[in-house]
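What follows is a short report on a single structure.
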Amino acid sequence: MADEPLVLGIETSCDETGVGIVRGTTLLADAVASSVNDHARYGGVVPEIASRAHLEAMVPTIQRALDTAGVKASDLDGIAVTAGPGLAGALLVGVSAAKAYAWALDKPLYGVNHLASHICVDQLEHGRLPSPTMALLVSGGHSSLLLSEDITSDVRPLGATIDDAAGEAFDKVARVLGLGFPGGPVVDRMAREGDPKAIAFPRGLSGAKDPAYDFSFSGLKTAVARWVEAKRRAGEDVPVADVAASFQEAVTDVLTRKAVKACKDSGVDHLMIGGGVAANSRLREMAQQRCDKAGIRLRVPRPGLCTDNGAMVAALGSEMVWRGRTPSSADLSADSSLPVTEVHVPAAGAGAGAAEGAGAGADGGAHGDVHGQAYRALGGGR
């Protein structure tokens, strides 16, 4: 174990400042500072608030992770950071911090893809990924089916959402039902008290002529909203638990059905599920049932590793070091629309200029401030 790479990972793609430390495939620390409460009153994530929260939390969260792991920053073999996709300003804070620490410590820097990190995190719980691996990633911003031959270099998209992602639909339905933000956990809890067969909500893109692996949850979200509005107009009580359960059943039915079909069609006998929605209890249950029936081995990380976290970034960074991948260049920047096919950014991405521009206003100060904070935290230099 001592010979395996020790890597620190930084994740700031949205509203959680995540810092993880991994040695090989062993998780040593997973520190998270969430700003979700700052966004709750707005019913969604506010990019400027997220960026400032990352700035304030970055250095203390990194120190907390180092203390938990019982290692010094100088012990690290590399620094990994989410370079995209995500919110441009939020990503810039993480990338700036990672560059500052890498420079001050004279350690290699690895800019990695957020989605690939969600796949790689499973190695921390179930060992190295088989080749090939089919991955279903479901979160607030993504619903994707991905086939990976090599998690450090070869991730191919088979299907994705054409409108609302699954997690986004959970948030919007929770808002319609008055359940608050974020919607995923509260809908899951409420659904346990309801009847999943009470209301026949539609299953998007499930027809014979529809794209086999793409997803659409906008129509489902609208159907739920109209059903609830009709009840309220008629002066009737809305059976919140039944609505939540029926909606959740529709989402998980489509996700698991398409994922199992993709495995069968591609001849892959493993399915990995990641992303925040992978913490949903019904999704995990239905996926296990359908995978067992199809003879497919299911791999799902524990709920704490499904949501955005630094451990997943550290896991992919460790894999990069272990396989001898070329580090990112010093001019690494953030790319808010980084494609999943670009698992690792050895040089500045094509979309980096746009991200820099996006951060030059409200987030420009944060971009510079975090460099100074990191520099001072390490005693002023190398």
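Fair warning: this is a prediction, and the values are worked out from it, not measured in the lab. Sequence positions, counted from 1, serve as the residue numbers for this chain.
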Legend entry - Spacing of CD1 belonging to I273 relative to CG belonging to D122, to within rounding of 0.5 Å: 10.5 Å
Legend entry - Gap between atom CG of D171 and atom CG of L179 - 0.5 Å precision: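 Answer for the CG-CG pair, L179 versus D171, is 11.0 Å.
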Hydrophobic cluster membership, with links at side-chain heavy-atom distances under 4.5 Å among I/L/V/M/F/W/Y: are [X] and [Y] in one?
X    : Y    : value
Y101 : L76  : yes
M312 : L316 : yes
V300 : L145 : yes
V251 : F215 : yes
V22  : L66  : no

Is any side-chain heavy atom of [X] less than 4.5 Å from a side-chain heavy atom of [Y]?
X    : Y    : value
M134 : L158 : yes
D150 : R323 : yes
N309 : E16  : no

Legend entry - Worked verdict on M286 versus L255 for side chain to side chain contact (heavy atoms under 4.5 Å, CB included): CA-CA 10 Å; M286 188 181 293; L255 289 172; over 6 Å; no
Treating [X] as the side-chain partner and [Y] as the backbone partner, does any N or O pair qualify as donor plus acceptor under 3.5 Å?
X    : Y    : answer
R284 : A278 : yes
R297 : C291 : no
T82  : S13  : no
S139 : G276 : no

Inset, instruction - Applying salt bridge (Lys or Arg N to Asp or Glu O under 4.0 Å), run through D265 and K258 and close with a yes or a no. - result: CA-CA 10 Å; D265 292 349; K258 293 201 172 207; over 6 Å; no
Legend entry - Modelled atom types, side-chain donor and acceptor of T133 and H270, under 3.5 Å: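 Note: T133 and H270 side chains miss the donor-acceptor criterion.
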Legend entry - Any side-chain donor near an acceptor of the partner, T252 and R282, under 3.5 Å: no
Inset, instruction - Give the C-alpha distance, both sets of side-chain angles, the deciding distance and a yes or no for side chain to side chain contact (heavy atoms under 4.5 Å, CB included) between D269 and I296. - result: CA-CA 5 Å; D269 62 357; I296 296 168; 5.5 Å; no
Inset, instruction - Kindly check if the number of other-residue, nucleotide or ligand heavy atoms within 6.0 Å of CZ (R226) is above 12? - result: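 At most 12 heavy atoms, drawn from other residues, nucleotides or ligands, come within 6.0 Å of this atom.
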Legend entry - R156/E149 salt bridge by N-O under 4.0 Å criterion: yes
Inset, instruction - Salt-bridge test for R23 and E4: reply yes if a basic N is under 4.0 Å from a carboxylate O, no otherwise. - result: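 Not counted as a salt bridge, because no side-chain N and carboxylate O are separated by less than 4.0 Å.
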Inset, instruction - For the pair W227 and F201, name the ring-plane relationship: parallel under 30°, tilted 30 to 60°, perpendicular over 60°. - result: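 Geometry flag for F201 against W227: perpendicular rings.
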Inset, instruction - Evaluate the criterion side chain to side chain contact (heavy atoms under 4.5 Å, CB included) for residue pair D335 and V345; output intermediate values, then yes/no. - result: CA-CA 10 Å; D335 185 347; V345 187; over 6 Å; no
Legend entry - Option among E11, E56, H54 that satisfies the side-chain hydrogen bond (donor to acceptor under 3.5 Å, both in side chains) test with T17: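 Testing T17 for a side-chain hydrogen bond (donor to acceptor under 3.5 Å, both in side chains) against E11, E56, H54 leaves exactly one candidate, H54.
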Legend entry - Identified side chain to side chain contact (heavy atoms under 4.5 Å, CB included) counterpart of V155 within the set T341, V340, L115: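 For V155, the side chain to side chain contact (heavy atoms under 4.5 Å, CB included) test succeeds with only one of T341, V340, L115, which is V340.
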Inset, instruction - Apply the test salt bridge (Lys or Arg N to Asp or Glu O under 4.0 Å) to residues E168 and K221: give CA-CA distance (whole Å), side-chain angles for both, the deciding distance (0.1 Å), then the verdict. - result: CA-CA 9 Å; E168 185 179 4; K221 170 205 67 181; over 6 Å; no
Legend entry - Centroid-centroid under 6.0 Å between F170 and F247 rings: yes
Legend entry - V138 and S143: CA distance, side-chain angles, deciding distance, side chain to side chain contact (heavy atoms under 4.5 Å, CB included) verdict: CA-CA 4 Å; V138 277; S143 295; 4.1 Å; yes
